[in-house]
Amino acid sequence: MKQILGISVFLITGLLLSFYIGFHLNHKEQQMAFDDDQSGIQKQIVIKFSHVVAENTPKGLAAQKFADLVEQKSDHRVKVEVFPNGSLYTDKEELDALKSGKVQMIAPATSKLGGVSSKWQVLDLPFAFPTESAINEGLNGDIGKSLLASLEQQNIKGLGFWVNGLKQITNKDHAIIKPNDFKDEKFRIMSSVVLKKQFELLDGQSKPIDFNETYRNLESGNVTGEENTISNIYSKKYYRVQDYMTISNHGFLGYAILMNEDYWHSLPLKVRVLIQNSINETVQWNQDHYRTMNKEQLRLIKKESNIQIHELTPYEKQKWIEKLNPMYKQYEPIAGRKLISDIRHLQRKYERQSFR
Ligand code: LMR
């Protein structure tokens, strides 16, 4: 009897043990599904992504969405840590931090890439894109491809573009409606020779200032105005230290999504595909959302402040266009004839539609 009992205990224990091992392995296998193709991701991959804007902006939200998609698609094997508001690197620092590999990803405004390749200056030309469709066609077509390719010699991999929208003018003392209303004003600009030239042509002055230093400089009167999208004007509260805003839609603000190229090549193929797919999804998402976000935040600015807003009439806008037009000829030798003629082609194609 004792012998039978002993055999039974042995059999039951064996059965339970094999159930446990079977379940455990199965569970582990499911967890390993992401790297079951010998790509061998043993440790979690952590990608640091630094940017300078607030979280509730087209770039802030797209960056977070990208992080969520990568984490979800990789079953938590790849983690993107997003650092907003310049908390890791400022405007001035982020490009060098990317090139030297201190950070793996950034998404600077295209205006800040003129130093990497002068081709990028084309996107800063006044009234470069007349409509949203023109932006999409430009960035996703030959113009965008040629710009991203120009980064390769600098150890930078261009993954795509996000859009913030078109820039407006804010300032302190009087409404800016005609080109000569810029006289004696001093504008904060991003570090870009084209933007400097733009204000020179308008008889105004300009000063390159870091994005996250701009509020302080506006408040102290060190500069009298600035140009930015509604979303940046709202999220950084510039409207609280400015009295006038002109809806001019005179310039483009968008972002190149960049990764350190050596780091990109060090990633397993499967991870690179996953990252590019996630970027493509966020590019689409951003296209569907940036206009709504700017519209909603314009509504909030009107609700929360007494800033006086003037929207340029087509006649007034035409005066600005005429005043700034010579810049296209001037920049042809710098940005290249092909890019200028591509932009001009888009302008002719879309100029009849208005950008609201
Ligand atoms: C600015 O400096 O005004 C912008 O480039 C900030 C941004 O990244 O949108």
Side-chain angles (χ1 to χ4, degrees), residues 49-64 66 82-95 97-98 103 105-116 120-121 123-124 126 128-129 135 139 147 158-171 186-196 198-199 206-219 222-239 241-242 245 248-258 282-283 286 289-291 293-294 297-298 301:
F49 189 154
S50 172
H51 70 78
V52 299
V53 295
E55 283 156 297
N56 186 26
T57 55
K59 176 161 66 180
L61 292 176
Q64 192 50 54
F66 167 67
V82 181
F83 297 86
N85 290 310
S87 55
L88 198 56
Y89 293 106
T90 65
D91 268 351
K92 277 202 204 91
E93 302 162 341
E94 64 178 9
L95 202 56
L98 180 84
V103 68
M105 283 185 83
I106 60 172
T110 58
S111 314
K112 294 169 188 167
L113 293 171
V116 179
W120 287 87
Q121 296 178 9
L123 299 181
D124 271 350
F129 293 116
I135 295 179
L139 297 183
L147 293 175
L159 295 166
F161 294 95
W162 291 325
V163 179
N164 187 322
L166 293 185
K167 288 183 287 186
Q168 324 301 347
I169 295 283
T170 66
N171 70 312
K186 190 169 178 188
F187 282 84
R188 174 270 169 178
I189 53 169
M190 293 181 269
S191 180
S192 147
V193 286
V194 180
L195 299 179
K196 184 168 184 284
Q198 167 186 277
F199 284 105
S206 64
K207 188 173 164 56
I209 293 177
D210 254 35
F211 180 57
N212 283 300
E213 293 293 313
T214 303
Y215 180 93
R216 208 170 46 79
N217 278 271
L218 290 170
E219 191 182 33
N222 192 17
V223 285
T224 54
E226 61 86 52
E227 51 163 17
N228 228 310
T229 57
I230 294 291
S231 138
N232 281 343
I233 293 168
Y234 178 71
S235 58
K236 291 292 168 184
K237 302 189 174 29
Y238 300 159
Y239 66 98
V241 286
Q242 300 273 267
M245 173 151 71
S248 51
N249 289 327
H250 66 280
F252 166 75
L253 179 60
Y255 309 107
I257 315 156
L258 310 177
T282 60
V283 166
N286 165 255
H289 288 84
Y290 73 86
R291 285 185 77 190
M293 213 175 292
N294 280 298
Q297 294 180 343
L298 177 59
I301 289 176

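Whatever order the structure lists ligands and atoms in, that order sets their numbers, starting from 1.
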Verdict with reasoning, Lys167 to Asn232, per side chain to side chain contact (heavy atoms under 4.5 Å, CB included): CA-CA 9 Å; Lys167 288 183 287 186; Asn232 281 343; over 6 Å; no
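- Heavy atoms of Arg188 found under 4.0 angstrom from ligand 1 belong exclusively to the side chain.
- Near Val52, meaning under 4.0 Å from any of its heavy atoms, are these atoms of ligand 1: 8 (O).
- Residue, atom and distance of the protein heavy atom nearest to atom 8 (O) of ligand 1 are Lys59 NZ, 2.8 Å.
- Remark: side-chain polar atoms of Asp91 are not paired, donor with acceptor, to backbone N or O of Val52 under 3.5 angstrom.
- To the nearest 0.5 Å, atoms CD1 (Ile106) and CD (Glu93) are separated by 11.5 Å.
- Remark: the backbone N or O of Ile209 is paired with a side-chain donor or acceptor of Arg188 at under 3.5 angstrom.
- Contacts with ligand 1 closer than 4.0 Å are made by side-chain heavy atoms of Asn232 only, the backbone lying farther away.
- Ligand 1 places these atoms under 4.0 Å from at least one heavy atom of Ala109: 5 (O).
- The protein non-hydrogen atom at the shortest distance from atom 9 (O) of ligand 1 is Tyr255 OH, 2.5 Å.
- If you check which protein heavy atom lies closest to atom 7 (C) of ligand 1, you get Val53 CG1, 3.2 Å.
- Looking only at heavy atoms of the protein, atom 5 (O) of ligand 1 is closest to Lys112 NZ, 2.8 Å.
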Test side chain to side chain donor-acceptor pair (under 3.5 Å) applied to Asn222 and Lys186, step by step: CA-CA 8 Å; Asn222 192 17; Lys186 190 169 178 188; 4.6 Å; no
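- Contacts of Thr57 with ligand 1, taken as heavy-atom pairs under 4.0 Å, are absent altogether.
- With hydrogens and angles disregarded, a donor-acceptor distance shorter than 3.5 Å links the side chain of Asn294 to the backbone of Asn164.
- Within the 4.0 Å heavy-atom criterion, the part of Asn228 lying near ligand 1 is the side chain and not the backbone.
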- prompt: Run the side chain to side chain donor-acceptor pair (under 3.5 Å) check on Ser235 and Asn56 step by step: do they pass?
  reply: CA-CA 7 Å; Ser235 58; Asn56 186 26; over 6 Å; no
